[in-house]
Amino acid sequence: MLNAEYYPVKIEKKWVEFWDKNKTYKTPNESDKPKYYALSMFPYPSGKLHMGHVRNYTITDVIARFKKANGYNVLHPMGWDSFGMPAENAAIQHGANPKTWTLDNIDYMKKQLKMLGLSVDWDREVATCKEEYYKWTQWLFIQLYKKGLAYKKEAPVNWCEECATVLANEQVIDGKCWRCDSTVTKKNLQQWFLKITDYAEVLLDDLEKLTGWGDNVKTMQANWIGKSYGTILKFKVKENENLEIPVFTTRPDTSYGITYLVVAPEYKDIEKLTTPENKEKVEAYRENAKRMSEIDRLSTERVKTGVPLGTHIINPFTGRVCPIWVADYAIADYGTGAVMAVPAHDSRDFDFAKKYNLPIIQVINNEGYDPNKVFEEEGYLVNSGEFDGMNNEEAKKKITEFAEKNGFGHSKVQFRLRDWLISRQRYWGAPIPVVYCEKCGCQPVPDKDLPVKLPTDVDFSVQGKSPILTSKTFLETTCPVCGGKATRESDTMDTFICSSWYYLRYADAKNDNAPFDKKLVNKWLPVDQYVGGIEHAILHLLYSRFFTKALRDIGLLDFDEPFSNLLTQGMVLKDGSKMSKSKGNTVDPDEIFATYGADTARLFIISDSPPARDFDWSDAGVEGCYKFLCRVYRLYSKYQDKIKLDYKLPASLTKKDEALVREVNLGIKKITQDIENEFQFNTVVSKYREITNSIYEYIRDESDINYEVLSFALLSLLKLISPVAVFMSEEIYQTLGGSGSIHNLDWPKCDETKLEQNNITLVVQVNGKIRDKIETTTGKTNEELTELAVNSEKTKPFISGKTIVKTIVVPNKIVNLVVK
RNA sequence: GCCCUGGUGGUGAAAUCGGUAGACACGUUGGACUUAAAAUCCAAUGAGGCUAAUACCCUCGUGCCGGUUCAAGUCCGGCCCAGGGCACCA
């Protein structure tokens with residue numbers, strides 16, 4: 001028996017246990033059905049779920065359940081991105097063990113996810129911090145190393161003092177650490193890198209294949225990869241014939257206007273280029289630039305400064321001798337680290353030339369040229385010898401060709417993307433599996449010795465260095481090649497490595513012999529629908545694409561893009577701003593589950609806004625959704641004795657029956673379409689409400705109810721709402737005597753023949769303005785409809801005394817009379 | 001500066017192809033039920049005008065200006081604003 005009223009908390013607890021015990025959501029690898037892989041970005045086990053998680057996982061879960069009901073074998077897994085700083089900080093601040101802290105959090109959050117009612121196959125759960133997972137992270141690193149895609153070098157790297165570790169370029173946001181928001185400085189260090197730049201071209205080109213991704217994400221990635229076409233020009237140094245300075249430029253057409261050259265403070269040949277009398281000044285300048293924080297250095301507000309080196313280059317086009325300066329507006333690791341300066345046609349060069357009184361030579365002319373301002377527009381060449389008069393786009397090609405012919409230049413494609421710095425001087429990550437032997441150098445750890453386990457004898461309280469270095473057992477080891485003394489690498493990997501392949505592991509999560517079976521991974525991947533936050537538009541999504549391509553080239557899998565369709569869900573807001581602890585506007589999912597139940601939370605979080613847009617949480621909105629579920633529930637409890645699971649719609653229906661049958665079929669059609677089309681759950685929910693309203697209208701006159709029709713309506717609604725109200729629908733279905741789980745039933749089909757309608761509203765327009773609405777029947781000819789329109793009393797005043805010059809008829813909808 | 005996304009009632013929003021703008025809700029107001037309240041059910045609700053009237057009718061209305069069309073939230077051209085991304089990238 002169903003209760004008279006809806007008590008979600010009791011119901012939900014019961015079904016969580018039932019589904020767990022019966023493994024209702026177990027996904028077999030073998031199936032006759034087509035596969036569908038629905039994936040949420042896995043959570044960091046920070047302690048508790050927040051509403052962003054609830055939104056993310058509810059969206060994916062509704063999709064997974066919908067696809068399952070539509071005949072797919074659905075893979076819907078979940079796991080934990082469980083390495084990273086917060087666990088280590090907890091260890092430092094509260095003396096906790098990072099492992100215990102993390103595993104406890106996973107336990108708690110897993111319970112919450114189950115309470116949320118996700119249709120997850122928990123047998124495939126992964127946690128990146130577990131040995132059976134990071135063993136394979138290490139193994140994959142070694143494959144990349146063997147392929148030449150992982151290398152170690154000394155480089156100026158981004159250093160976060162607060163986290164006492166280096167950061168990848170992608171993790172520096174506005175010159176600040178992505179995690180702790182403190183200022184990032186530069187430091188020269190020996191670090192491990194992954195050669196993502198080898199894939200720059202294909203990562204950019206393949207964005208075109210990703211038709212199921214939003215343009216916003218694709219352009220963000222394209223901008224980040226930053227391809228530009230230009231020219232390398234090489235300049236001879238007047239004072240030193242053995243030296244040559246190459247520059248990268250996108251404006252070779254302005255080469256005749258070069259008046260000086262700039263090198264970055266970190267430029268490799270800078271000492272050789274400095275004359276003794278300038279040495280002191282240059283050194284001081286470089287020291288200062290080094291100390292400057294990334295933010296100050298990159299600020300576009302800051303006035304550019306520099307000092308001359310005392311040496312000169314010769315412009316090969318003009319023979320002009322131009323001074324070489326060091327200036328911090330040149331970047332060491334982009335292009336060649338040296339820039340040719342054309343003050344007339346580059347705003348940075350222009351400002352610099354004005355400040356230091358360097359000459360300005362115009363070489364591009366066009367309307368609007370003003371010698372007192374920089375001119376960066378298109379034009380034709382002047383003061384450029386044989387190229388005078390040429391259109392500047394044309395001149396880019398011709399001048400590059402000229403340089404190439406004469407041996408001082410060539411065209412060049414330049415990317416902004418840098419190699420991915422993956423070393424972290426932290427404890428809670430996967431150790432980089434290499435050892436250093438005095439004789440044999442850097443050697444990868446052999447497969448049989450994996451995983452390289454994290455040591456437990458560490459002191460987390462040390463400052464300024466990795467806690468791993470305090471271990472007495474970790475560092476010393478033997479060389480796998482010669483058996484001699486060797487030292488382990490003490491850096492761990494960036495956690496983004498762990499999350500760059502987890503979606504592959506779900507295909508074969510328990511494999512002890514390989515990260516995954518190739519057949520299984522090729523069967524399940526690519527992911528059909530990936531759902532997660534926009535904040536990963538560059539970091540995680542770019543890294544994962546790179547990993548997939550690299551692993552394909554290594555031969556571990558056969559596809560080249562991991563995620564066919566990507567849905568980036570909007571943020572959850574409260575009172576107009578993002579929910580955050582510091583603002584104090586968070587809503588705890590546990591409290592919502594306890595008061596209203598997870599079904600209400602699920603319904604509400606998909607109801608008001610389309611998934612991609614930001615969603616404003618309101619207490620009144622939750623209340624409204626709860627009331628709606630109560631309203632739905634009451635229908636079933638009231639008619640539980642009358643509902644027939646094996647109903648049969650009568651052959652002939654009364655008008656009232658027909659209207660309800662039509663409304664339900666229309667609902668089936670619309671809901672199905674809206675889910676398939678961009679997952680417009682907000683309109684799906686409004687259709688649930690419309691169907692419910694229609695059923696209430698139907699039962700208002702209790703003396704006139706056909707229970708076959710009512711059963712049809714109620715059971716259709718129950719299945720339609722089941723992907724959202726997962727607990728309530730199960731409770732009702734099984735209490736009514738349904739066999740098995742409602743979540744294994746097929747999706748209802750729309751009976752198109754029941755959509756036909758006899759009565760229509762004909763809209764009559766005169767010159768496009770609505771003048772009348774006439775109730776009539778379908779099947780009238782255009783002439784008959786026009787007749788109705790012309791004879792309408794309301795229309796007459798607008799056409800009398802005028803001639804109808806044209807009549808447009810949209811069958812069964814509109815007649816528009818054009819009058820003059 | 002460049003790129004992306006968006007702009008519709010008091011609020012969240014809807015509107016497959018250009019064809020009844022504001023579905024469905026939240027809120028508000030009124031009514032029914034009740035000793036009363038809550039809950040529930042029913043109804044009204046873009047703005048302005050006309051009016052005794054919340055009836056009928058008229059005008060205006062999807063950021064702004066213009067265009068195409070019998071007909072524009074939707075298509076085209078030019079702007080404005082908000083949010084996000086990138087940025088001394090040569």
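In what follows, every chain begins at residue 1, and chains take the letters A, B, ... in the order their sequences are listed. What you see is a predicted model, and the numbers here were worked out from it, not measured in a lab.
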(request) Check whether any side-chain nitrogen or oxygen of Tyr688(A) sits under 4.0 Å from OP1 or OP2 of C24(B), and answer yes or no. (result)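 For C24(B), OP1/OP2 do not have a side-chain N/O of Tyr688(A) under 4.0 Å.
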(message) Any carboxylate oxygen within less than 4.0 angstrom of a Lys/Arg side-chain nitrogen, looking at Lys656(A) and Asp704(A)?
(response)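 Salt bridge present between Lys656(A) and Asp704(A).
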(message) Counting only side-chain heavy atoms from C-beta out, which of C24(B), C89(B), G85(B) sits nearest to Arg416(A)?
(response)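 The answer is C89(B).
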(request) Output the single nucleotide from C26(B), G19(B), C86(B) whose closest atom is nearest the side chain of Ala620(A). (result)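 Shortest atom-to-atom distance from the side chain points to C26(B).
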(request) Using the P atom on both, measure A23(B) against U45(B) and round to a whole Å. (result)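 About 10 Å, rounded to a whole number of Å.
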(request) Please state the C1' separation for the pair U16(B) and C89(B) - nearest whole angstrom. (result)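 Per the computed distance, 44 Å lies between those C1' atoms.
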(request) Indicate whether any N or O donor in one side chain lies under 3.5 Å from an N or O acceptor in the other, for Tyr285(A) and Thr305(A). (result)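 There is such a pair (donor and acceptor under 3.5 Å, judged by atom type) between the side chains of Tyr285(A) and Thr305(A).
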(message) Listing request: all salt bridge (charged side-chain N to carboxylate O under 4.0 Å, His left out) pairs with a residue in residues 333-344 of chain A, at least two apart in sequence or in separate chains.
(response)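 Those involving residues 333-344 of chain A are Asp333(A)-Arg418(A).
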(message) So if I define the base as every atom that isn't primed, P, OP1 or OP2, how would nucleotides 9-16 of chain B read as a B/S/- string at a heavy-atom cutoff under 4.0 Å?
(response) ---SSSSB
(message) Treating primed atoms plus P, OP1 and OP2 as sugar-phosphate and everything else as base, which nucleotides of nucleotides 66-81 of chain B get B, S or - for protein heavy atoms under 4.0 Å?
(response) ----BS----------
(message) For a quick check of understanding: with a heavy-atom distance under 4.0 Å over all strands, which category does Lys773(A) fall into, base, sugar-phosphate or nothing?
(response)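 Since a base atom lies under 4.0 Å of Lys773(A), the category is base.
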(request) Give one of base, sugar-phosphate or nothing for Phe798(A), where a contact means two heavy atoms less than 4.0 Å apart. (result)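 Contact class for Phe798(A): sugar-phosphate only.
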Between protein and nucleic acid, restricted to nucleotides 39-50 of chain B and to nitrogen or oxygen atoms under 3.5 Å apart, what atom pairs and distances do you find?
{"unit_1": "U40(B)", "atom_1": "O3'", "unit_2": "Arg634(A)", "atom_2": "NH2", "d": "3.3"}
{"unit_1": "C41(B)", "atom_1": "OP1", "unit_2": "Arg631(A)", "atom_2": "NH1", "d": "2.4"}

(request) Return the stems involving RNA chain B, sorted by first number, where pairs are Watson-Crick (N1-N3 with N6-O4 or O6-N4) or G-U wobble (N1-O2 and O6-N3), both under 3.5 Å, and runs are 3 or more long. (result)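 Stem list for RNA chain B: B:1-7 with B:80-86, B:10-12 with B:24-26, B:27-32 with B:40-45, B:46-49 with B:57-60, B:63-67 with B:75-79.
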(request) With a 4.0 Å heavy-atom cut-off, tell me which residues in residues 212-223 of chain A come close to RNA chain B, sorted by residue number. (result)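 Of all residues in residues 212-223 of chain A, the ones placing a heavy atom under 4.0 Å from RNA chain B are Asp215(A), Asn216(A), Thr219(A), Met220(A), Asn223(A).
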(message) Students often mix this up, so state it plainly: with edges at 30° and 60°, are the rings of Trp178(A) and Phe496(A) parallel, tilted or perpendicular?
(response)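 Answer is tilted, since the angle falls between 30° and 60°.
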